[in-house]
Amino acid sequence: MTKKSLISGLNSQQKDAVLHTNGPLLILAGAGSGKTKVITHRFAYLTAAEKIAPTSILAMTFTNKAAKEMKERIESITKTSTKGLWIGTFHSLSARILRKEIDNIGYSSDFCIYDESDSGNLVRSILKEFKIHEALYRGISSKISSLKASLVGPDELLANEDSYGFDEKFARVYVRYQNELKKNNALDFDDLIMLTVKLCEEHPAVLKKYQKEFSHIMIDEFQDTNASQYRLTALLAGKQKNICVVGDDDQSIYKFRGAEVGHIRNFKKDFKKTKTIRLEQNYRSTQNILDIADSIIAGSPDRMPKKLWTDKGKGEKIYHCTTINEKEEARYIAQSIKELYLKGKYSYKDIAILYRVNQQSRVLEEAMREVGQPYKIFGGISFYQRKEIKDIISYLKVLANPDDSVSLKRIVNCPPRLIGTTTVTRVENEARKREEGLYKTMKHIITNSGYTNSLKDKLRDFVLMTEELIENRDINLSELIEMIYEKSGYLEWVEEGKVEILKELVSAAEGKDLRSFLDNASLFSGLDESGSEDSVSLMTLHSAKGLEFPVVFLAGIEDGLVPHFHAIKDPDELEEERRLFYVGITRAQDMLVLSGAKKRRLYTSVQEQQPSRFLTDIPSGCYHCIEKRPRGDAAISSSSVKIPVNLLNRSPFAAGARVKHPKWGVGVVRDTYGETDDVKVMVNFPSVGMKRLSLKFANLEKI
DNA sequence: AAACTAAAGCTTTTT
DNA sequence: GCTTTAGTTT
């Protein structure tokens, strides 16, 4: 690609951003302003025009999805593969550095990576041993995580006994946790970053090497960086300071995970001579939507000034609908979606319902079923978090790294081998005495006297099986997994219905090697979401960040939900709620509908709800209010039988079917209704628009 | 080891 | 309210 064509499709600010290749660059990228386009074109420009080696550019994102999109778009611009380049998430790229260098700080390079549940289990077993109430493990895990995110390791905590709200008991757990991780040859998510920082700080030669290697650095979603990530980027940017950060302080919504919006707001102070570029042209939303968004975010203090604009025109009206309760709200949304769909302009995948808490999805889901609209809820448990998958992954982890006692404990009695808690505790005590891992201790027990025969027999069976599997750990991974299913008896033991997903795991492993497969299993939250079917998307406001939809419904715009009642006391958290609302609004391209209920059931009690306080920041006249009262038939419809969505679409002329009419040609069925002997369908024909037809008379042909 | 009962949760969650 | 999980029973 030529130099010129790389910048030809860009607006002037985007061009400036691409062309500024030396020194720190801060790109304030408003919602929908084409930031990925800028990053990818900048990457291509650096390599094509500035002759920077692609391997010398470090491009870090937060999510695998963002990394994947970045790679794909770079590939399509440069027409070259991005394989082996330094494009990826903070965690995966850090892991890559550590695999090479971690022996410098006394770890082994074949470490395994613990996900949240693995480290949670480790914390729990420590609490148990320390006789601390086990149910506290969640809070303790998250405290450990946030300390690590702030680069406060156990040593730092002990060295500053008077800070961080020091608690001796907690400190003991923390120290022990970190020691156990090391014994298990394991790193948790936060270690991946924290230890990379430690590596760089304690080994200047290593740091220098990577500073030299990465002549240019780009960071996406910079407003989401936590202290350790910020330190890492600052270290790597080093003297060359060819660091380009892209983000939007208005969209900072992850403070609760350690993200500090100050990193982007103070970037210019930390990096002298930073050039700042604002991307303010929005290519996503109508002016009406941007006006609402602006009136909300304008009330945010300390923000970096920005004003989004569009040449799209005013667009559709924006609505705010109030209903008597959350069920009516859900029904209103589902009904509106149905009407919208029947008008034929939008398909289901163009529509999203966004909400503050997952709990809200329940009523919305119910209403969608009642009205018979297809939907998909995002953000449930992912493939790799399912119990059966985690079990098998644990087998693999043990085979790759027998020191991993957390995974070992997970599989030792699964399927049941009569090695229950008493036996495990017995082995654990022995392991502590011998200062060895569980697996080594088991091996010791079966070959030495002083233990009962029944204990030895049970453990011997398990160890022999494991040894056999370890011997085979280098064979084709799919075959290895099938061998685990067979030798462990797992496949026979597991419930009928679960066999299918175990088969999926085998095919997911096809052609991969054990180590990288395990890294991916920990570092990836799920398999690729197959988003091909036409359905409405339901998700939280948080998960919607980075996405866009032609039509967006924001449900539960009430005080207590947006802003959430946990966030109302603290001004900083309240501001984050405002930004969250802003993120929700700016997901919409053409149509935006806000809704709220007067009464809402939250847990046990029914609460009187007030409209969100943020709504008062919107000038009157910017949106239209609707007061929805339940109609007389509401009671009847709520008691009507719920028809599963998949049954609704069984007829050959179900919604979504493509049909051919002798006169009007090909069209798409949008709805069916009427009795079985006189079924009527609504068909959208591109030539003539929506038509109501009776199947009896219209000579429709399914194609 | 399955099956039951009691109890504790409960904001958001990129890795 | 409802779901998940820990603990107890058989």
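In what follows, chains are A, B, ... by sequence order, proteins preceding strands, each numbered from 1.
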**Q** Of the options A/Asp191, A/Leu187, A/Ile193, which is the one that meets A/Leu98 in a side-chain contact (heavy atoms from CB on, under 4.5 Å)?
**A** A/Leu187
**Q** Could you tell me the separation between the CD atom of A/Gln360 and the C1' atom of C/dC2, rounded to a whole number of Å?
**A** 16 Å
**Q** Nearest to the side chain of A/His564, which nucleotide is it out of C/dG1, B/dT11, B/dT15?
**A** B/dT11
**Q** So, is A/Tyr603 near the phosphate of B/dT11, with a side-chain N or O under 4.0 Å from OP1 or OP2?
**A** yes
**Q** For the base of B/dT12 and the side-chain ring of A/His542, does the geometry meet a stacking cutoff of under 5.5 Å between centres and under 30° between planes?
**A** no
**Q** With nearest nucleotides of DNA chain B determined for A/Arg138 and A/Pro415 from heavy-atom distances, which residue corresponds to the more 5′ nucleotide?
**A** A/Pro415
**Q** Considering only atom C1', compute the distance from B/dT14 to C/dT3 and round it to an integer number of Å.
**A** 25 Å
**Q** Does a nitrogen or oxygen in the side chain of A/Thr540 sit under 4.0 Å from OP1 or OP2 of B/dT13?
**A** yes
**Q** Taking the side chain of A/Thr604 as heavy atoms from C-beta outward, which of C/dG1, B/dT14, B/dT15 is closest to it?
**A** C/dG1
**Q** Would you classify A/Tyr254 as touching base, sugar-phosphate or nothing, given that sugar-phosphate means primed atoms plus P, OP1 and OP2, and contacts are heavy atoms under 4.0 Å?
**A** base
**Q** Once you apply a heavy-atom cut-off of 4.0 Å, does A/Arg124 come out as touching a base, just sugar-phosphate, or nothing?
**A** sugar-phosphate
**Q** To the nearest Å, how far apart are A/Arg362 CZ and B/dC10 P?
**A** 16 Å
**Q** Whole angstroms only, please: what is the CD-P distance between A/Gln385 and B/dT14?
**A** 8 Å
**Q** Report the distance from atom CG of A/Leu561 to atom P of B/dC10, rounded to the nearest whole Å.
**A** 16 Å
**Q** If the C1' atom of C/dA6 is compared with that of B/dT11, how far apart are they to the nearest Å?
**A** 24 Å
**Q** If you measure from the Lys or Arg side-chain nitrogens to the Asp or Glu carboxylate oxygens, is any gap between A/Glu69 and A/Arg73 under 4.0 Å?
**A** yes
**Q** Using purine N1 to pyrimidine N3 plus N6-O4 or O6-N4 for Watson-Crick, or N1-O2 and O6-N3 for G-U wobble, both under 3.5 Å, which nucleotide pairs with C/dC2?
**A** B/dG9
**Q** Students often get this wrong, so: under 4.0 angstrom with heavy atoms, is A/Thr61 touching a base, only sugar-phosphate, or nothing?
**A** nothing
**Q** Distance check needed: B/dT13 P versus A/Leu354 CG, whole Å only.
**A** 12 Å
**Q** Which residue lies toward the 5' end of DNA chain B, A/Glu116 or A/Arg417, if each is placed at its nearest nucleotide?
**A** A/Arg417
**Q** NA contact type, A/Gln229, heavy-atom cut-off 4.0 Å: base, sugar-phosphate, or nothing?
**A** nothing
**Q** Considering only heavy atoms and no angle criterion, is a donor-acceptor pair shorter than 3.5 Å present between the side chain of A/Arg257 and the base of B/dT12?
**A** no
**Q** Nearest to the side chain of A/Phe62 - B/dT11, B/dT15, B/dT14?
**A** B/dT14
**Q** Under 4.0 Å between a Lys/Arg side-chain N and an Asp/Glu carboxylate O for A/Glu326 and A/Lys599?
**A** no
**Q** Do NZ/NE/NH1/NH2 and the carboxylate oxygens of A/Lys390 and A/Asp115 come within less than 4.0 Å?
**A** yes
**Q** Only one of A/Asp302, A/Ile297, A/Val261 passes side-chain contact (heavy atoms from CB on, under 4.5 Å) with A/Asp249; say which it is.
**A** A/Val261
**Q** Using centres under 5.5 Å plus planes under 30 degrees as the test, is A/Phe256 stacked with B/dT12?
**A** yes
**Q** A/His542 pairs by ring-ring contact (aromatic ring centres under 6.0 Å, His included) with which of A/Phe581, A/Phe256, A/Phe378?
**A** A/Phe256
**Q** Counting only side-chain N and O atoms of A/Asn358, is one of them less than 4.0 Å from OP1 or OP2 of B/dT13?
**A** yes
**Q** Remember a base hit wins even if backbone is also touched, and classify A/Ala567 as base, sugar-phosphate or nothing at under 4.0 Å, heavy atoms.
**A** nothing
